[in-house]
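What follows is one structure encoded as structure tokens, with my remarks underneath.
Start at 1 and go down the list; that is how both ligands and their atoms are numbered.
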Amino acid sequence: MIDFALSRASSPAEASEQAAKSKTAQQGAQVRYVAGGTTLIDLMKLDVETPVRVVDINRLELARTERQPDGSLRIGAMVRNADLAHDPNVVRDYPVLSQGLLSGATGQLRNMATTGGNLLQRTRCSYFRDLAYAECNKRTPGSGCSAIGGHNRTHAILGTSEHCIATHPSDMAVAMMALEARIHILNGQSEREVPIGEFYLLPGNTPNLENVLKPGDLITYVTLPPPVAGARSHYLKLRDRASYEFALASAAVVIHVDGERIRKARIAFGGVGTRPWRSPEAEHALEGKAADEATFRAAADAALRNAKPQRDNAFKVELAKRCLIRALTTVTT
Ligand code: SF4
């Protein structure tokens with residue numbers, strides 16, 4: 001780990017002001033915020049992240065979850081994953097989010113990890129995290145990709161490019177994708193709101209750019225739209241072992257069945273995409289159809305139609321399909 005300066009922010013605006021001195025808010029940022037530290041500190045120990053300044057934001061008053069007058073739920077960026085998973089509003093109205101959070105990491109990590117930090121988790125691609133491998137376009141733009149042609153069993157099959165095939169590791173963000181969350185960002189005195197579907201970038205030619213954050217941006221809140229009356233939701237995660245493991249495939253399902261027909265469906269996948277993966281193809285295949293196995297299979301086929309597996313991960317195509325079918329079956333029976 002390299003030497004770095006540590007400062008503490010007492011307000012969101014002060015934190016933003018310090019981070020605005022960085023040239024980028026992406027890989028190679030000179031200034032990083034630290035909250036729970038469950039991603040950043042690991043990467044600093046590995047010298048993958050080498051900020052010259054780390055701004056401690058633990059004192060910011062962003063640790064509350066509040067129901068808004070319009071029925072939406074506002075979640076502070078500093079709300080810990082464990083607190084959010086057990087929040088009565090979340091358990092009752094957004095079970096997909098509670099289940100997604102509880103499927104991630106361990107109790108100890110969930111006690112530390114924050115809502116804002118979870119959104120910004122970095123990939124678990126082992127080449128990215130190991131400086132012994134020089135070829136990693138995400139870590140060092142233009143250097144190549146060790147995973148393409150290397151060990152890629154856990155890598156992505158959707159949204160990949162010839163420059164990067166790394167998966168996004170978050171469960172929480174997958175659930176939020178299906179819930180159509182909105183991310184609130186402060187920069188100095190100005191605020192903006194970004195739908196989560198527009199927050200993450202595909203790797204394309206620039207896998208080092210993972211989201212729309214700019215220097216000085218600070219995630220302050222996430223809002224969840226009011227729950228749809230009659231809708232049900234579920235998160236199913238498939239992995240190599242039952243705990244403390246990332247998804248090989250996961251599915252977040254929010255569905256409203258009216259009589260025999262599916263009126264509304266919101267579907268997202270984890271473990272298979274280069275970003276938390278919303279699937280409009282699956283949603284289109286579900287809406288207006290009967291809630292039965294044939295419909296679920298058609299939706300799963302549609303969702304994975306454009307999958308591009310690598311040498312070691314072709315199994316993820318069928319795994320993701322079965323994951324979605326089982327999640328839909330669970331939530332509609
Ligand atoms: Fe780096 Fe992405 Fe290739 Fe992994 S998949 S080695 S993160 S460029």
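Side-chain contact, Ser7 with Gln18: a donor N or O sits under 3.5 Å from an acceptor N or O. Checking Ser250 against Tyr235 by side-chain atom types alone, a donor-acceptor pair falls below 3.5 Å.
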Handout entry: Criterion side-chain contact (heavy atoms from CB on, under 4.5 Å) on Lys316 and Phe269, from CA distance to verdict
Key = CA-CA 12 Å; Lys316 281 192 174 188; Phe269 290 95; over 6 Å; no
Problem - Arg139/Glu210 under salt bridge (charged side-chain N to carboxylate O under 4.0 Å, His left out): CA gap, chis, key distance, verdict - result: CA-CA 11 Å; Arg139 179 163 31 84; Glu210 298 182 345; over 6 Å; no
Exercise for the section: Applying side-chain contact (heavy atoms from CB on, under 4.5 Å), run through Arg266 and Glu180 and close with a yes or a no. Expected result: CA-CA 8 Å; Arg266 293 292 175 266; Glu180 300 184 305; 3.2 Å; yes
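The number of protein N/O/S atoms found under 2.8 Å from atom 2 (Fe) of ligand 1 is 1.
When the options Leu224, Val254, Asp87, Asn89 are evaluated for a side-chain contact (heavy atoms from CB on, under 4.5 Å) with Tyr94, the one that passes is Leu224.
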